Amino acid sequence: MANFSPLTVFISVTSLAVFQFLFHVGSSWLSTRLTGGFHKLSARQKIEWNSRTVSSFHALVVGCFCLYILVYDDAVNADPVWGDPFMVKLNVAVTSGYLISDLLLIIYYWKEIGDKYFVTHHLAALYAYYYVLGEGMLPYFGNFRLIAEFSTPFVNQRWFFEVLGYSKYSLPNMVNGVLMTISFFIVRIAVIPIYYGRVFSTFGTEAFHRLGLGAQCAWIISSVSLDIMNVMWMIKIAKGCYKVLYHRDGKLTKTQNNGKLE
């Protein structure tokens, strides 16, 4: 039976409240001071702008915490399946609060930022984090997945440049595109052998059998599915980066309506 500690519940609720505040107040306040272009955006664009600003902030916070745990949390690194998940639970609790906050915003502003893929992604992630927060299972693997967040700010920045009117071939846009491609490859593709090396090392162990069939299937199926999508996105991003860097005629091409990965 799930056992959610009062601390993780408190952090999740606090995280939800903080991210709601950042969306409704913090993002607009900061954006108006960083760029005059924010005032020129439509109401719909401002909603997505604030959503992506919060997304980037969340990515940096949990990404840095994730790296800290991977380097310094000896208990989790020694036992990736059942190691003391205290630090991981704190990080996952922050992410859970963000996911719930973002789900509420997506539903409320469905006409502006509604996306069935993101709803599915958030619900699947919350289901996976249930095992970490409620059962204390798979702390290493739950935390390891959060390293992928380091590519998120570059994906969001691509959209920011687009709505501000930067061309695909402007220097800031091209630099960000290269950094997005490199970061996406490092934190989502290059780490695949490391991740599955640890996964395979648990097979047949007593710790693995203690998980039960339900948790085992949820873990393996979600991991494989996510990495298939990551590979598909990586191919799409690499092709886009190549076209921009090595375009032949130098003419601008029609930009996408949004910078989300599809």
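Nothing here was measured: the structure is a model prediction, and the numbers come from that model. All residue numbers in this chain count up from 1 along the given sequence.
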Residue list, ring-ring contact (aromatic ring centres under 6.0 Å, His included) with Y196, at least two apart or on another chain: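 With neighbours one apart ignored, the set is empty.
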All ring-ring contact (aromatic ring centres under 6.0 Å, His included) counterparts of F38, not counting sequence neighbours: W49
Within the 6.0 Å centroid threshold, strictly below: F23 and Y109: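 Distance test on ring centres: under 6.0 Å, yes.
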ILVMFWY cluster, V175 and L34 together (side-chain gap under 4.5 Å): no
Side chains of [X] and [Y] only: does a donor on one sit below 3.5 Å from an acceptor on the other?
X	Y	value
T152	E149	yes
S5	T8	yes
S183	S151	no
Y129	T95	no

Salt-bridge present (R52, E48; N to O < 4.0 Å): yes
Within 45° cone and under 6.0 Å: R188 NZ/CZ vs F150 ring: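 No, R188 does not sit over the ring of F150.
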F144 six-ring face occupied by R198 cation (under 6.0 Å, within 45°): no
Between OG on residue S222 and CZ on residue R145, distance to nearest 0.5 Å: 7.5 Å
Expected output: side-chain D84 to main-chain V76 donor-acceptor under 3.5 Å: no
